[in-house]
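Everything below concerns the one structure shown next.
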Amino acid sequence: MSSSTPAPASARPVRVLLVEDDELMRRSFTVALERYGYRVKAAADGLTGLELFRDGGGHGDGNGDGHGHGHGHGDEHAPGDGGFDLLILDVMLPGLDGIGLCRRVRETSLVPILMMSARGDGLDIVAGLEAGADDYVVKPVDTYVLVARIRSLLRRATYAPSAGGAAGPAAGEEGPPPSGGDLLVFGDLTLDTGGLEVFVSGSPVALTPTELKLLLEFAAHPGVVLERHTLLRNVWDYGWDGDSRVVDLCVQRLRRKLGRDRIETVRGFGYKLRR
């Protein structure tokens with residue numbers, strides 16, 4: 001794997017949970033990401049990864065084999081995110097595979113998830129995205145490509161509410177609370193652009209960072225057909241021709257949460273948000 005100049009250190013290191021069963025790859029990814037300033041904890045199987053996620057990775061230093069690499073503790077994180085800013089999950093894992101692990105994490109958290117597949121198999125990719133992953137890479141992957149995908153996911157996460165999900169209205173209130181931002185209304189869908197919260201028929205809906213950024217992109221162009229390559233560029237930060245399946249699967253997840261008729265497919269062109 002190639003590498004380049006590390007990114008400047010931030011005030012709080014980004015915490016990454018890496019779950020990869022190949023020992024050489026696990027150690028190589030850990031060393032490479034730490035060179036870029038990321039704080040990595042690693043696990044060799046899905047069940048260990050799930051345990052690390054649930055307890056926030058523990059409190060001590062580690063060795064990249066289920067214990068991780070620590071540089072201090074005490075960072076603040078929202079409930080349900082496991083204390084991590086991002087998860088990198090291999091698809092093929094012993095015990096609990098990466099797709100199953102992704103589903104288990106999504107039961108309680110909206111933390112960004114990047115899947116890795118050694119085969120580039122279409123079924124693996126689709127299953128991972130349907131399980132709630134935000135993006136994927138195919139192994140072998142160069143360090144600079146992996147870091148670019150991580151940075152893109154973290155940029156998307158800055159659009160999102162806390163990883164515990166969108167907060168609902170105050171007790172006794174109906175609909176979205178005032179936030180100082182614009183309230184965009186499309187039928188029974190309300191998007192609070194100030195609080196970055198989403199409501200359907202007055203009830204809060206929790207979206208992942210990628211789902212929220214995709215919805216924001218649609219809401220900025222209501223009634224306008226957005227092509228897949230435009231969405232790949234604006235939401236996923238792909239500067240090249242990416243896999244349009246990530247768009248299709250994310251749209252499907254949005255439809256399940258917002259209603260199937262809210263986002264319309266324009267065959268041969270793309271998607272649009274119905275006014």
Side-chain angles (χ1 to χ4, degrees), residues 7 14 85-88 106 110-116 125-126 128-138 141 144-163 166 179 181-187 189-200 205-275:
V14 172
D85 299 290
L86 181 117
L87 274 57
I88 303 175
R106 280 288 175 255
L110 302 179
V111 64
I113 297 177
L114 179 66
M115 301 294 293
M116 295 193 298
I125 293 167
V126 169
L129 294 170
E130 286 183 334
D134 296 281
D135 205 347
Y136 76 94
V137 293
V138 177
V141 56
Y144 75 90
V145 174
L146 181 61
V147 170
R149 305 316 308 151
I150 290 172
R151 288 174 175 168
S152 174
L153 276 173
L154 293 173
R155 281 195 295 272
R156 276 176 251 164
T158 64
Y159 283 81
S162 66
S179 67
D182 292 330
L183 291 180
L184 305 180
V185 180
F186 308 94
L189 170 66
T190 300
L191 174 58
D192 179 356
T193 61
L196 294 177
E197 296 176 330
V198 179
F199 301 84
V200 173
V205 177
L207 301 181
T208 68
T210 302
E211 291 165 356
L212 179 57
K213 190 171 182 183
L214 180 59
L215 179 57
L216 287 168
E217 186 69 20
F218 281 127
H221 308 89
V224 176
V225 177
L226 299 179
E227 297 180 342
R228 289 174 176 83
H229 70 81
T230 300
L231 295 170
L232 281 170
R233 182 182 65 246
N234 294 347
V235 177
W236 280 266
D237 295 332
Y238 278 116
W240 60 92
D241 288 334
D243 189 340
S244 64
R245 285 176 295 187
V246 299
V247 177
D248 297 335
L249 270 297
C250 196
V251 167
Q252 288 183 25
R253 298 205 312 257
L254 273 180
R255 283 172 170 163
R256 286 197 292 267
K257 295 181 177 183
L258 306 180
R260 299 200 59 83
D261 296 330
R262 182 55 53 200
I263 300 173
E264 179 182 349
T265 299
V266 181
R267 297 193 181 279
F269 293 93
Y271 300 98
K272 69 177 179 179
L273 180 68
R274 287 181 172 173
R275 296 177 181 272

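- In terms of heavy-atom proximity, Arg149 sits nearest to Arg156 at NH2-NH2, 3.8 Å.
- Counting only heavy atoms from C-beta outward, the side chains of Leu146 and Leu114 approach each other to under 4.5 Å.
- No side-chain heavy atom of Leu212 sits less than 4.5 Å from a side-chain heavy atom of Leu110.
- Considering all non-hydrogen atoms of both residues, Arg245 and Tyr136 come closest at NH2-OH, 4.1 Å.
- Interatomic distance, CD of Glu211 versus SG of Cys250, reported as 5.0 Å (0.5 Å rounding).
- Residue Leu191 holds its CG atom at 9.5 Å from CG of Leu258, rounded to the nearest 0.5 Å.
- Closest approach of Met115 and Ala133 over heavy atoms only: CG-CB, 3.2 Å.
- The two residues Phe269 and Val225 make their nearest non-hydrogen contact at CB-CG1, 3.9 Å.
- For Asp237 and Arg151, the salt-bridge test fails: no basic side-chain N is under 4.0 Å from an acidic carboxylate O.
- Ion pairing between Lys213 and Asp134 fails under the 4.0 Å rule for side-chain N and carboxylate O.
- A distance of 11.5 Å separates CD1 in Ile88 from CG in Asp135, rounded to the nearest 0.5 Å.
- Counting heavy atoms from C-beta outward, Leu216 and Leu196 have side chains that approach closer than 4.5 Å.
- In this structure, CZ on Arg274 lies 10.5 Å from CD1 on Ile263, to the nearest 0.5 angstrom.
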>> Using the rule given for side chain to side chain contact (heavy atoms under 4.5 Å, CB included), can you reason through Ile113 versus Thr208, listing the C-alpha separation, both sets of side-chain angles and the distance that settles it, and then say yes or no?
In response: CA-CA 10 Å; Ile113 297 177; Thr208 68; over 6 Å; no
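- Of all non-hydrogen atoms in Ala219 and Leu184, the two that sit nearest each other are CB-CD1, 4.0 Å.
- The closest donor-acceptor contact from the side chain of Thr190 to the backbone of Phe199 lies at 3.5 Å or more, if one exists at all.
- In this structure, Arg275 and Pro222 approach most closely via the heavy-atom pair NH2-O, 3.1 Å.
- No donor-acceptor pair closer than 3.5 Å links the side chain of Arg233 to the backbone N or O of Arg228.
- With rounding to the nearest 0.5 Å, the separation of CG in Leu129 from OG1 in Thr210 is 10.0 Å.
- Residue Leu215 holds its CG atom at 11.0 Å from OG1 of Thr193, rounded to the nearest 0.5 Å.
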>> Quick one, Leu273 with Leu226, criterion side chain to side chain contact (heavy atoms under 4.5 Å, CB included). Give me CA distance, side-chain angles, the key distance, then yes/no.
In response: CA-CA 9 Å; Leu273 180 68; Leu226 299 179; over 6 Å; no
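- The environment of Arg256 atom CZ is dense: over 12 non-hydrogen atoms of other residues, nucleotides or ligands sit within 6.0 angstrom.
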>> Does Arg262 form a side chain to side chain contact (heavy atoms under 4.5 Å, CB included) with Arg255? I'd like the steps, not just the answer.
In response: CA-CA 7 Å; Arg262 182 55 53 200; Arg255 283 172 170 163; over 6 Å; no
>> Val246 vs Leu231, test: side chain to side chain contact (heavy atoms under 4.5 Å, CB included). Steps then yes/no.
In response: CA-CA 10 Å; Val246 299; Leu231 295 170; over 6 Å; no
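- Under the side-chain contact (heavy atoms from CB on, under 4.5 Å) rule, Leu207 has a single partner from Arg253, Lys257, Glu197, which is Lys257.
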